[in-house]
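Here's the structure, in structure tokens; my notes come after.
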Number of protein chains: 2
Amino acid sequence: MTTIDKALDALFLLSERAQALRLAEVARELGMPRSSAHRILAPLLRRGLAEQDSDGRYRAGFALMALGLNVASREPLATAAKPVLESAAADLGETFFLVVARAGKLVVLEKAEGSGFLRAAPRLGADVPVHATAVGKLYLAFAPDEVEINDLPRYTPGTLRSRKALLAEVERVRAQGWATNIEEWQAGLAVSAAPILSHGRMHGAVALATVAARFTAIGMTTATRRVVHAAEGIALRIEGRSP
Amino acid sequence: MTTIDKALDALFLLSERAQALRLAEVARELGMPRSSAHRILAPLLRRGLAEQDSDGRYRAGFALMALGLNVASREPLATAAKPVLESAAADLGETFFLVVARAGKLVVLEKAEGSGFLRAAPRLGADVPVHATAVGKLYLAFAPDEVEINDLPRYTPGTLRSRKALLAEVERVRAQGWATNIEEWQAGLAVSAAPILSHGRMHGAVALATVAARFTAIGMTTATRRVVHAAEGIALRIEGRSP
DNA sequence: AATCTTCGTTCCGAATAATGGAACATTTAT
DNA sequence: ATAAATGTTCCATTATTCGGAACGAAGATT
């Protein structure tokens, strides 16, 4: 483990914890003496990646925000998808979001939240499991090399836990061109998703997330039509064939 | 300069550059041999703070996005302000945003964009100058210790460049309780802002940004009323005296 | 009030990890 | 076909990190 790794440990620690940490706590969490923690935090403070409150406690700094948003803003797919997601969300009043595979993981890249009191609010940059989500099934069907899948943890009673069942589901998804996930990952959450296909490649997926009860009300056909339409709209945009 | 500093240099470099960089370019920019750059980038890659494309070029990684959004989401002020900004933006069709002082700088913490074809789109996490913005004047008037001000660069012909003129303006701002910035920072940009005051302290400022031409059409009175109302609404929310 | 912890910070010799030139196989440019 | 530049690994030298010790300050406990 390099010195840089230790600094990054500290950075992730501060980012994960909601409240500010004392130096001694940081040292304890990272398993190092206070003097070492102190030395490691100094460069992070200088750059604004960490900050100290009036009591000297450490928290993640604002510079992190700027760094993170740089990443998001330079993804052309996110820019292309944003207006499409927004109009879909405004239309139906439900949350639409964009997921892509990066480094074997599925990451939420952009979103437009619905208007309901109870609504899905995915966190940008967060990663979602492959085997228990609609988007994961799409990737397994259309671009299996882009995602890594190790074990199949059980999240809910509905989670597909055998490789055989998952493969059968993926087969069906490939044939129909869209996927759903009804309470397979989180209780009460229903998702319908469609792949963004262009130039013979899958670039990501659009998903519609809602409360399972409302999903039934919307109807599978409507939900499917919406996500497929949005995904196709984004595909057209990245091909430059749409205003 | 510590090893950590060098790693952070690399991180900021990747984040600033729009396109991916070759290893040799990183090494050149940071003024180190390729072997050193290679070693320094390795831990960043492992953590997902940097990524390599198919050609081996380096770019900022997705983990940065998650880190940055953690920072934003745990700011209670941002959470409190979001709905207020959104309803104000929807109402008037113009961009409203929230700015706070952190470590002597003014940082954009949350925003709700207007609907116009030509509209202000501040970048979250970006910092704005103190002496040439409406929010800066408010801080100078109500919480001067929270901002640092060194030189007064000239951005436009309208920028206040003498301390005397700035102080006079700050006096007026303090008396009237709100501030404006009409093409003092960026040509064509007009801003009206009001402070979020609570518990005898300034917590931040709400700003309405628009095209100077439209600002005239909206009218100073309307613009002022809107930002003051939004700022007061946020103050009520952080005091828990509002639904 | 007095004592005992815990804290943040600085210091410094010992231990260790970073350094950068060299070498080599690839890739790109001429 | 030749030359230049690139990504990667290796290793002896060097410079940095490491962590215990020590200190004053701030809380907690008696």
Side-chain angles (χ1 to χ4, degrees), chain A residues 1-64 71 102-104 145-146, chain B residues 1-64 71 102-104 145-146:
Chain A
M1 170 174 284
T2 73
T3 307
I4 299 172
D5 277 301
K6 291 167 197 165
L8 298 182
D9 279 343
L11 194 61
F12 277 84
L13 176 66
L14 293 180
S15 168
E16 278 159 17
R17 297 306 175 86
Q19 80 291 16
L21 294 176
R22 329 191 112 276
L23 174 65
E25 292 177 294
V26 175
R28 222 175 297 125
E29 290 283 344
L30 302 181
M32 54 173 66
R34 282 170 303 166
S35 56
S36 298
H38 188 258
R39 181 165 23 79
I40 282 170
L41 286 168
L44 297 180
L45 281 180
R46 272 203 295 279
R47 308 300 193 106
L49 295 180
E51 288 174 358
Q52 283 185 286
D53 62 18
S54 50
D55 297 336
R57 278 191 288 261
Y58 293 86
R59 52 193 167 87
F62 265 76
L64 264 182
V71 176
R102 283 298 137 91
D145 294 343
E146 300 223 22
Chain B
M1 168 172 289
T2 73
T3 307
I4 299 172
D5 277 302
K6 290 168 199 165
L8 298 183
D9 278 343
L11 193 61
F12 277 84
L13 175 67
L14 292 181
S15 168
E16 279 158 18
R17 298 304 176 86
Q19 78 292 16
L21 295 176
R22 334 192 106 273
L23 174 65
E25 291 178 295
V26 175
R28 222 175 297 123
E29 291 282 344
L30 300 181
M32 54 173 66
R34 296 193 306 270
S35 56
S36 298
H38 187 258
R39 180 164 26 79
I40 282 171
L41 286 168
L44 298 179
L45 281 179
R46 272 203 296 277
R47 308 300 194 102
L49 296 180
E51 289 174 357
Q52 282 184 287
D53 62 17
S54 49
D55 297 337
R57 279 190 287 261
Y58 292 87
R59 53 194 166 89
F62 265 76
L64 263 183
V71 176
R102 283 298 136 92
D145 293 343
E146 298 222 24

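All values below come from the heavy atoms of this structure, side chains included, with hydrogens, waters and symmetry mates left out. Labels below follow one simple rule: chain letters A, B, ... track the order of the sequence lines, proteins then strands, and each chain is numbered from 1.
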When you compare the protein's N or O atoms with those of nucleotides 10-16 of chain C, which come within less than 3.5 Å of each other, and at what distance?
none

So do the side chains of Leu14(A) and Leu41(A) get within less than 4.5 Å of each other, counting heavy atoms only? yes

For Arg39(A) against Pro43(A), the heavy-atom pair lying closest together: O-CD, 3.1 Å

5'-most contact on DNA chain C: Leu21(A) or Ile4(A), nearest heavy atom basis? Leu21(A)

Sidechain-backbone polar pair: Arg59(B) side chain, Val71(A) backbone, donor-acceptor under 3.5 Å: no

Given atom CE of Met32(A) and atom P of dT17(D), what is their separation to the nearest angstrom? 13 Å

Does the side chain of Ile40(A) come within less than 4.5 Å of Met32(A)'s, by heavy atoms? yes

Could you tell me whether the side chain of Arg47(B) and the main chain of Asp5(A) form a donor-acceptor pair under 3.5 Å? yes

By nearest atom, which of the nucleotides dG7(D), dT9(C), dA18(C) is closest to the Tyr58(A) side chain? dT9(C)

Separation of Leu41(B) atom CG from dG7(D) atom C1', in whole Å? 12 Å

Any protein N or O atoms within reach of nucleotides 26-30 of chain C? Criterion: under 3.5 Å, listing atom names and distances.
none

Give a yes or no on whether a salt bridge exists between Arg17(A) and Glu25(A), defined as a side-chain N under 4.0 angstrom from a carboxylate O. no

Could you check whether Asp55(B) pairs with Arg22(B) (Lys NZ or Arg NE/NH1/NH2 to Asp/Glu carboxylate O, under 4.0 Å)? no

Between Ala24(B) and Arg34(B), the two heavy atoms sitting closest are CB-CD, 4.1 Å

Starting from the 5' end of DNA chain C, give me the residue, Glu25(A) or Thr2(A), whose nearest nucleotide shows up first. Glu25(A)

Sugar-phosphate, base or nothing in reach of Arg28(A), heavy atoms under 4.0 Å: sugar-phosphate

Below 4.0 Å: OP1/OP2 of dG19(D) and any side-chain N or O of Ser36(A): yes

So does Lys6(A) get a side-chain nitrogen or oxygen closer than 4.0 Å to the phosphate oxygens (OP1/OP2) of dC18(D)? yes

I want to verify a distance call: between dT19(C), dT9(C), dC18(D), whose nearest atom is closest to the Arg39(B) side chain? dT19(C)

In whole Å, I'd like the distance from the CG atom of Leu23(A) to the C1' atom of dG27(D). 17 Å

Using the side-chain heavy atoms of Ile40(B), tell me which of these nucleotides is nearest: dT19(C), dT17(D), dC7(C). dT19(C)

Leu23(A) and Ala37(A): which non-hydrogen atoms are nearest, and at how many Å? CD1-CB, 3.8 Å

Inter-axis angle, terminal five-pair segments of the helix from dA1(C)-dT30(D) to dT30(C)-dA1(D) [nearest 10°]: 50°

Mind listing the closest non-hydrogen atom pair of Lys6(B) and Leu30(B) along with its distance? O-CD1, 4.4 Å

Tell me what Thr3(A) touches on the nucleic acid: a base, only sugar-phosphate, or nothing, going by heavy atoms under 4.0 Å. sugar-phosphate

Contact summary for Met1(B) and Asp9(B), nearest pair of heavy atoms: CE-OD2, 3.7 Å

For Phe62(A) and Glu51(A), which heavy atoms make the closest approach, and how far apart are they? N-OE2, 3.2 Å

Rounded to the nearest Å, what distance is computed from the CG atom of residue Asp55(B) to the P atom of nucleotide dT8(D)? 12 Å

